[in-house]
Amino acid sequence: MAKITIDGNQFEADNKRTIIEAARENGITIPHFCWHPKLSVSGNCRMCLVEVEKLPKLVIACSTQVAEGMIVHTNNERVENAREAVMEFLLINHPLDCPICDEAGECKLQSYSYKYDQGYSRFQEDKVHKPKRVELGPRVIFDAERCILCSRCIRFCAEVAGVPQLQFVQRGDHTLIETFPGESLDNPYSMNVVDICPVGALTSRDFRFKSRVWEMSFTESICQGCARGCNIEIGARNNEILRLTPRQNDEVNSYWMCDHGRLDTFKFVNAETRIKAPMIRKDGALIEVGWDEAIAKVASELKSFKKAEIAAVGSAFATNEDNYVFQRFAREILGTKNVDFMRHVVEGDEDNILIRADKTPNSTGAKELGIAPGEGGMGFAEILHGIKEGKIKALYALEDDLAATPEVAEAIAKLEFFAVHASNENATTHSADVVLASSTYAEKNGTVTNFRHRVQRVRPAVTTLEQDRALDGFEMSRWDKFAAQNDTWGKGPRRDARASWKIVSSLATLMGAKFRYNSADEIFNEIAQKVEAFKGLSYLKIGKKGAQLKAKASVAA
Amino acid sequence: MERYILPEIPDYHKLEVYEQHGGYAALKKALGMKPEEVTDEVKKSNLRGRGGACFPTGLKWTFMPKQTTKPKYLCVNGDESEPGTFKDRQIFEFNPHLLIEGTAIACCAMGITTAYIYIRGEYGKWIKMLQKALDDAYVKGYVGENILGSGFSTNIYLHKGAGAYICGEESALMNSIEGQRGYPRVRPPFPAQNGVWGCPTTINNVETISNVPLIINRGWEWYSKIGSPKHPGPILVGVSGHVNKPGVYEVATGELLTDLIYRYAGGIPGDTKIKALIPGGSSTMILRGDALEGVRMDAESLKAAGSSVGTAGMIVMDENTDLIRVITRIAKFYYHESCGQCTPCREGTGWLWKILKRFETGDGQTSDIDLLMDIANNIEGNTICALGDAAAWPVQSMIRRFRDEFEKRVSKTPNGSPEPSDRNRHAEKTATVSL
């Protein structure tokens, strides 16, 4: 450890730390563009120049290691002048097109301009022009004029994604970023370069031009793409999810997420195929009905079968809370031991970075909370077999497109009664007798457990019909807070969907039990009391970054 | 003075001629010495680098770790791209074995088994000549396995540059050798800890290395008495520009600049006055022609005069020289050669050139002179490598010493577009209000 002084404050810092790291650990942010905590040091932007007493020149905080007795100034006149000079240099050839730039509002160059720039330009010459709208890859668009050549994207591809697809070409102020000849920026993690780009040079093909970021709300959640459970931020406007971005969590996903998770796990929330209300099949067609009618129908149907004739299939796509209430219902009300859930493992589709072969966010949680056959009960394969043999006649299932698998579809077709919770139309709803419109992960509170037994929170980012936005812990955008009603989230479509735990609770109540849950955290508190692995946990303890479960069971794929 | 680096011996570049005149005796001697004795000899001689920075060579060699499991490397810098510099070329042509011998001795001193001579790619003719000399040296066993039966082995490879000035910067040079883009590295770590291939590396200039056999042959005492005591030895001075006999002259350090111009280079054509002089390649600070009296070609004297030895490539400019054109051309060079890695140099060099270009065409403004100075000051010292400084110094010194030349070129008819200085004032006012 070394004793150092930064701006008059004394700290102890690990000798291996650079000034920028030591400062950061002690709550002092030294402005920077090219430095990134998870990438190698390139030292090229020069924004982090600081003064170290006894050294003749200013030094870059990102590559200078701390030393005993070091006295650092990050805000004196000399440093401020140098910073101002760097800002001036960065801006002379920059197009200054913030009004039409996607990065505006979350741009380091823009923010630092407000803070550290002199406020006017001394540059009277012609700017250097460079290529714009370059398709670096299928998902990332490049504007070379906005680029400040920090090399973060180049280093990301080489060091994190493990595929060096980008490189500098040309020299001086004509330098550009390009893919190698014949290559495309198409690695499974390519869109992270959009996040780490400190300016608007790299934009997401999917999100660009969709919204100004200050009009959006950002909700902390968990990616539903696989069992990793990458921490994400859901960006929404007008009750519509516009993008997902990774949220830093060193225990799970560092600063990254894969392109599949980013692009393919939110669009169903706003899709045309959303189930807008509960539905009952009448004369062969699914007809929208009220909740009371739908639940009464399920209750009366389920009551007409013997316990052993009913199977309950939970879901690795549903939350811990949903699954917990569901298995309680199955065991206590239906009295069936035939409880399980369907696995979605794609063998081989995994890597050593983030992507897992298990394509569900909560298989560990489902298992831990009792979505498993009771003694003598049937597992998922046996349930299918049982249906085919006529032993199982009724099936009640949580959110999962079971019938997407032909073998399962075949079995479902033989059922006498099939009720399913679903957010979107799919093969499964097409063969269901009752469809209970369920909220998506982005419309409810809850937890999921990743493959390493880490419990993490999902939160509502958009709203359903009945949800009370203020009570359910929404993040709000500036629009949400201050704009007129016709500008706000209320404007987007709102579906008459409910969280699965709520639907199951209503059903249980109708069938004579007392499932008095008012909110997801009440259920979680019960889990924390009753399930050993969850002992002592609460939403508060899980916080933003999740909590590790006590019993680390062997890692399930 | 007797010539040591470029002796007047016909066919000296041929191995047999070199051998006849005592060539490779220094290598034999060095192989019989302990490595640290060789280094010590160089250290005591006060030999200072001839590549521009005048860093003590022996001291640099001591930075190499003695205990290391990694291989160590020597890079001999023959990229010679600094405008006004053409001295190493003479060594490649007229005394390549001195360079090869020096390289082998340096390897011996530092326990290095691989040396790269990085040679400017445009030097087609000289690449061939040096390669021939190297091949001959290999055949005779001066380089390669078990040199002269000593048990010490070292290989020397010629590595051609591809035309980038920046690859003469020592850390960019190492990247270039590795096949990477010619980007200077952030230091620390310094090459002696983490150089080429991540291994301990020393980088010396061609001329520097060529001094080593002289020191070993005749001893440090002899060498340290040549020329200026603090910066001794023979030095190759390339004289170009407005002189009657441009060329490379080998002199002892400490030679008067005026002697170099008038005695060696034959004076100025038409006997006109000297307006300005760049003493050591285009990046060194320009001196006024009327301030050359008594200034000597050594580190201390040139420092006192407000410049530096650099590569000792002197560019002489007579009184009819358009200095604005000169500085514009120099600025264009650094703009063109800036690698683009770090912000101040990448953006600043182009800005300098664009403003200077306006002065060249008579479109400069008075406020631009201070702006030029400001930009140069903002580049200087704030970059990864010395190219930023090299681009800033000529501009700074030109303005400091020839401000009148700029003032003469200020636009007299600010027609049409508003004068930039007015725009600035307006902007400043607005800024003050809004902040």
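The structure displayed is predicted, hence computed values, not measured ones. Atom set for the values below is all heavy atoms of this structure, side chains included, hydrogens, waters and symmetry mates excluded.
B/Thr361 places a side-chain N or O within donor-acceptor distance of the main-chain N or O of B/Lys357, the cut-off being under 3.5 Å. B/Lys60 places a side-chain N or O within 3.5 Å of a backbone atom of B/Ile203 that can act as its donor or acceptor partner.
Classification of the A/His36-A/Tyr255 ring pair by plane angle, with boundaries at 30° and 60°, yields perpendicular. Between B/Phe63 and B/Phe55, the ring planes lie tilted relative to each other; the angle falls in the 30° to 60° range.
B/Ile355 touches chain A through backbone and side chain together, each having a heavy atom under 4.5 Å away. Residue A/Glu84: no heavy atom, backbone or side chain, is found under 4.5 Å from chain B. Both the backbone and the side chain of A/Leu90 come within contact range of chain B, each with at least one heavy atom under 4.5 Å from a heavy atom of that chain. Interface remark: A/Phe168 contributes backbone and side-chain atoms alike to the contact with chain B (heavy atom separation under 4.5 Å).
Ion pairing of A/Arg146 with A/Asp102 is absent here, as no side-chain N (NZ or NE/NH1/NH2) approaches a carboxylate O to less than 4.0 Å.
Contacts with chain B (heavy atom to heavy atom, under 4.5 Å) involve these residues of residues 55-64 of chain A, listed by number: A/Lys57, A/Leu58, A/Ile60, A/Ser63.
Looking only at side-chain heavy atoms (C-beta outward), A/Glu178 and A/Gln167 stay at 4.5 Å or farther from each other.
Across all their heavy atoms, A/Val86 and A/Arg46 have their closest contact at CG2-O, 3.4 Å.
With hydrogens and angles left out, the side-chain atoms of B/Gln396 and B/Asn377 include a donor and acceptor closer than 3.5 Å.
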